[in-house]
Peer 1: 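Encoded as structure tokens, here's the structure I'll be asking about.
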2 protein chains.
Amino acid sequence: MAKKVDKFESDLLRGSLDLMVLAVLDQEDQYGYIIQKKIREASGEKVSMSAGTMYPLLHRLEGEKLIRSRWDDSTGRRRKWYAITAAGRKRLTKQANQWNQYVQCMAGLMQGYYKPVPKLG
Amino acid sequence: MAKKVDKFESDLLRGSLDLMVLAVLDQEDQYGYIIQKKIREASGEKVSMSAGTMYPLLHRLEGEKLIRSRWDDSTGRRRKWYAITAAGRKRLTKQANQWNQYVQCMAGLMQGYYKPVPKLG
DNA sequence: TATCGATATATCGCATGACGATACATTAGC
DNA sequence: GCTAATGTATCGTCATGCGATATATCGATA
């Protein structure tokens with residue numbers, strides 16, 4: 001049987017899913033299904049947003065003009081491609097900065113329970 | 001005029017406020033007002049839970065038997081002291097571990113946007 | 001003495017957003 | 001033909017952080 005990985009609690013994700021999606025779209029234009037898949041795989045199955053989370057999230061980001069969409073009906077499968085906007089990049093930078101600050105803040109609050117993230121590169 | 005610090009967005013806090021409170025109580029018994037104050041000060045005013053957040057949270061944790069309470073009416077001011085339970089410590093360890101994993105996961109997902117937390121000590 | 005700010009706990013309704021369920025259509029493989 | 005994967009969408013439910021409000025005590029100060 002496949003090894004079952006427990007997902008992160010949904011409350012933990014609140015406030016950072018937007019950030020993940022914007023980060024994915026900042027690398028290249030994508031459509032919902034693939035964004036979802038990328039995040040799931042990159043997180044080792046620990047962040048697997050349902051469609052009921054993904055699509056409303058994309059609609060919300062589009063409503064805020066942080067991303068924009070374009071339908072592609074050229075193939076048999078209808079796909080809605082998303083691209084990040086200038087405002088989206090600005091928001092991404094801001095939110096990422098906010099996230100980093102929050103992580104540092106928690107590090108201080110958690111004292112002994114916190115284990116620093118290993119250096120990248 | 002006092003320098004106004006913007007607080008973290010409330011969605012960012014979801015899922016980690018419990019953790020903060022448990023961490024404070026793991027150090028010593030406290031009552032709500034002080035727990036709130038400690039977290040506010042330790043975060044540089046960036047996490048300032050309202051009373052409408054703090055007290056329901058404490059009641060919830062008590063309902064889950066992660067903390068227990070005791071009224072102190074010996075002084076003029078009625079204070080409800082809280083202590084962490086064995087189950088609470090277990091939960092604290094688990095949640096802290098979960099948090100650390102999540103931070104690492106975000107580090108991977110965020111790639112270039114992530115800045116590692118400076119070494120402690 | 002009255003008024004104000006800090007201390008101290010509690011509850012209410014609101015807004016947000018992640019979730020599972022459900023729906024629907026296409027395509028590929030068995 | 002059946003099933004699984006692909007692909008988007010919406011619905012109602014649930015959890016929880018928040019501001020507003022209520023209540024009470026105490027010290028300082030005008």
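Reminder, nothing fancy here: chain letters follow the sequence lines and each chain counts from 1. Heavy-atom basis, side chains included; hydrogens, waters and symmetry copies ignored.
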Peer 1: Can you give me every donor-acceptor pair (side chain of residues 35-42 of chain B, partner residue at least two apart or in another chain, under 3.5 Å) with its distance?
Peer 2:
residue	atom	partner	partner atom	Å
B:Gln36	NE2	B:Met49	O	2.7
B:Lys38	NZ	B:Glu28	OE2	3.0

Peer 1: I'd like a table of atom pairs between the protein and nucleotides 12-16 of chain C - only N or O on both sides, under 3.5 Å - with the distance next to each one.
Peer 2:
residue	atom	partner	partner atom	Å
C:dT16	O2	A:Arg14	NH2	2.5

Peer 1: Verify side-chain contact (heavy atoms from CB on, under 4.5 Å) between B:Val47 and B:Lys7, making sure each step is shown before the conclusion.
Peer 2: CA-CA 6 Å; B:Val47 181; B:Lys7 306 202 287 180; over 6 Å; no

Peer 1: Between the main-chain N or O of A:Lys65 and the side-chain N or O of A:Thr85, is there a donor-acceptor pair closer than 3.5 Å?
Peer 2: yes

Peer 1: Without swapping roles, check the side chain of B:Ser16 against the backbone of B:Leu19 for a donor-acceptor pair under 3.5 Å.
Peer 2: no

Peer 1: Would you call B:Asp18 and B:Arg60 a salt bridge, taking side-chain N to carboxylate O under 4.0 Å as the test?
Peer 2: yes

Peer 1: Taking for each residue the nucleotide of DNA chain C bearing the nearest heavy atom, is the 5' side occupied by A:Met49 or by B:His59?
Peer 2: B:His59

Peer 1: Where the side chain of A:Asn100 meets the backbone of A:Ala96, is there a donor-acceptor pair that is under 3.5 Å apart?
Peer 2: yes

Peer 1: Mind checking side-chain hydrogen bond (donor to acceptor under 3.5 Å, both in side chains) for A:Glu62 and listing every partner two or more places apart, or none if nothing turns up?
Peer 2: A:Ser69

Peer 1: Go through residues 65-79 of chain B and report each residue with a non-hydrogen atom lying under 4.0 Å from DNA chain D, sorted by number.
Peer 2: B:Gly76, B:Arg77

Peer 1: Rounded to the nearest Å, what distance is computed from the OH atom of residue A:Tyr55 to the P atom of nucleotide C:dA25?
Peer 2: 16 Å

Peer 1: What integer distance in Å separates B:Glu9:CD from C:dG17:C1'?
Peer 2: 13 Å

Peer 1: Given B:Met54 and B:Val21, is the side-chain contact (heavy atoms from CB on, under 4.5 Å) satisfied, shown in steps?
Peer 2: CA-CA 9 Å; B:Met54 178 87 261; B:Val21 169; 3.7 Å; yes

Peer 1: B:Arg14 vs A:Leu13, test: side-chain contact (heavy atoms from CB on, under 4.5 Å). Steps then yes/no.
Peer 2: CA-CA 8 Å; B:Arg14 277 184 84 136; A:Leu13 306 180; over 6 Å; no

Peer 1: Determine whether A:Met110 and B:Leu92 satisfy the following criterion, side-chain contact (heavy atoms from CB on, under 4.5 Å), listing intermediate values before the conclusion.
Peer 2: CA-CA 10 Å; A:Met110 293 303 296; B:Leu92 171 57; 4.1 Å; yes

Peer 1: Whole angstroms only, please: what is the CE-C1' distance between A:Met54 and C:dA21?
Peer 2: 19 Å

Peer 1: Under 4.0 Å between a side-chain nitrogen and a carboxylate oxygen: does that hold for A:Arg79 and A:Asp72?
Peer 2: no

Peer 1: Give me the ring orientation class for B:Trp81 and B:Tyr31: parallel if the planes are under 30° apart, tilted from 30 to 60°, perpendicular past 60°.
Peer 2: perpendicular

Peer 1: Below 4.0 angstrom, which residues in residues 34-45 of chain A have at least one non-hydrogen atom near DNA chain D?
Peer 2: A:Lys37

Peer 1: Report, as yes or no, whether the 6.0 Å neighbourhood of atom CD on B:Glu45 holds more than 12 heavy atoms from other residues, nucleotides or ligands.
Peer 2: yes

Peer 1: Students should find this one: the first and last nucleotides of DNA chain D, 5' to 3', lying under 4.0 Å from a heavy atom of chain A. What are they?
Peer 2: D:dT6 to D:dT16

